A.B. asks: 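Just passing along the structure, written as structure tokens.
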Number of protein chains: 2
Amino acid sequence: MPTATPVLGLRERNRLRRTRRVERAALALALEYGVDDVTVDMICEASDISPRTYFNYFGTKEGALIGPAPSAPDEVLIEEFVQARGSIVEDLMLLIARGFFATEPDRDVFAMRRELYTKEPSLQALQVTRMADKRQATAALVRRRLADQFPDMPETEASDEAQLVMSVAMGAFPVISRLWIEQSGDEAEVETYIHAAIARIRRIVTP
Amino acid sequence: MPTATPVLGLRERNRLRRTRRVERAALALALEYGVDDVTVDMICEASDISPRTYFNYFGTKEGALIGPAPSAPDEVLIEEFVQARGSIVEDLMLLIARGFFATEPDRDVFAMRRELYTKEPSLQALQVTRMADKRQATAALVRRRLADQFPDMPETEASDEAQLVMSVAMGAFPVISRLWIEQSGDEAEVETYIHAAIARIRRIVTP
DNA sequence: TCAATTCTTGCAGTTACTGCACTTTTGCGT
DNA sequence: ACGCAAAAGTGCAGTAACTGCAAGAATTGA
């Protein structure tokens, strides 16, 4: 029986294998010695790869630890988001969460990453930093939705509101993903967690 | 007429003067060339200080750009926060904002910082990273308040809720401070901005 | 004015990261 | 099966952020 996924060339397979090998090594070292006491050279020696190639793959020392950035959502999902009419923050979180699932990680790597994240919360800050790069793109999405939903809202107000929507969503995201990762890790349930979190936010901003 | 503030020793005055001189130089350079194209050596040459001392003062290259971390709130303010009964996120933001004002910045430096922040939003991410260091301390405060307000709330739920409160507050903070900095910069008004932002958050998490 | 303390600085070293040129590997047409 | 073009891996040299240490300078308090 042929695989459902398109057959990958030797090139891709090598790249995947290598990526996993390096991620595993990096995570194991970071778990043993702590992120700050691990050097790129150590990772490279443990995973038999040259430092130059390491940076080609991951860009930064922490790249292998925090995992790939969530992929950009495709047009269909975006359109769905623009036309949805739930809480805008909730809808945005669902959109981001789906992008996160587009890149299915290795089982071991996933578990190690979970352990490391709880051990060194500073890595969460790095996630946020990386997300920050996508701020503008995401803000544009939110503005599209606002324009669609409230055609009469003045430009500047929409811009401010978009910023706020994004900030709240990105601020709460680490908490939600931590909860979800610690408790189940099952894709289906992420929507439940998001929904519960939104309800909670509603409560804590109400006197 | 003697000054109201306690007289500073020569040591303190030198340190203050130096700090301002370096901050000014760093900001001017960053505004002219962009943060990434400025080196610590350039800043040191422009402000006539040794690189070693620069790091003693500011710790990181960006330290002189983003300004001092908000000082830890004193016991009185903390007690006030624990016993307040407004929206918990709003009360927390007010607490943080007051800590921010405890260190009064130089007028010029303030203006340059404002300009740089709008020019290079990546600096905001740095602020967040630095705030992340204080996450635990802040979370403890929030938990104190929750324990005071809801004595029956179970441990784990309180912990999750504290995380969420902090994340939302810290997420929204950059937006608010940007609005406030761009429009007035007057201390009195910051409460108004915070209040308005909270109202807005309430709206965007409601379907 | 002198001794104790604190601060600044130079130096040497480590580590993250980058551009460039060179070799190896892979994909593919014949 | 073979060889060529494209892509990927690697070594090297260099830059820049940051740190510990110890010596020298400034400040303080008696």
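Throughout, protein chains are lettered first and strands after them, A, B, ... in sequence-line order, and every chain is numbered starting at 1. Owing to the predicted nature of the structure, the values given are computational and were not obtained by experimental measurement.
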A.B. asks: Who are the side chain to side chain donor-acceptor pair (under 3.5 Å) partners of A/Y54, not counting sequence neighbours?
C.D. replies: none
A.B. asks: Would you say the base of C/dT6 and the side-chain of B/R11 have a donor-acceptor pair closer than 3.5 Å?
C.D. replies: yes
A.B. asks: May I ask you to list the residues of residues 25-45 of chain B, by number, that have any heavy atom positioned under 4.0 Å from an atom of DNA chain C?
C.D. replies: none
A.B. asks: Rounded to the Å, how far apart are B/R18 CZ and D/dT27 C1'?
C.D. replies: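 After rounding, the reported distance stands at 12 Å.
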A.B. asks: Which residue is it: A/R18, A/R17, A/E12? I am looking for the one with a side chain to side chain donor-acceptor pair (under 3.5 Å) to A/N14.
C.D. replies: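 It is A/R17; the other options fail the test.
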A.B. asks: One pair to check against side chain to side chain contact (heavy atoms under 4.5 Å, CB included): B/D160 and A/V175. What are the steps and the verdict?
C.D. replies: CA-CA 8 Å; B/D160 288 348; A/V175 178; 5.9 Å; no
A.B. asks: Please list, by residue number, the residues of residues 47-65 of chain A whose heavy atoms come closer than 4.0 Å to an atom of DNA chain D; answer none if no residue qualifies.
C.D. replies: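 A/I49, A/S50, A/R52, A/T53, A/N56, A/Y57, in order of number.
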A.B. asks: Measure the OG1-CG distance between B/T118 and B/L123 for me, rounded to the nearest 0.5 Å.
C.D. replies: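 Output value for this atom pair is 10.0 Å.
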A.B. asks: Would you please say whether a donor-acceptor pair under 3.5 Å links the side chains of B/S167 and B/R135?
C.D. replies: yes
A.B. asks: What is the distance, rounded to the nearest whole Å, between atom CZ of A/R17 and atom P of D/dG9?
C.D. replies: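 Roughly 12 Å, once rounded to whole Å.
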A.B. asks: According to a strict under-4.0 Å criterion, is B/N14 in side-chain N/O contact with OP1 or OP2 of D/dT27?
C.D. replies: yes
A.B. asks: So how far is it from B/L146 CG to B/M153 CE, rounded to the nearest 0.5 Å?
C.D. replies: 5.5 Å
A.B. asks: How about A/E45: does its CD atom have over 12 heavy atoms from other parts shown lying under 6.0 Å from it?
C.D. replies: no
A.B. asks: I'd like to know whether A/R143 forms a salt bridge (Lys or Arg N to Asp or Glu O under 4.0 Å) with A/E155, so could you lay out the CA-CA distance, the side-chain angles of the two residues, the decisive distance to 0.1 Å, and finally the verdict.
C.D. replies: CA-CA 9 Å; A/R143 270 206 300 276; A/E155 184 71 24; 5.1 Å; no
A.B. asks: Measure the distance from CG on A/L126 to C1' on C/dA16 and round it to the nearest whole Å.
C.D. replies: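 Rounded to whole Å, this separation is 14 Å.
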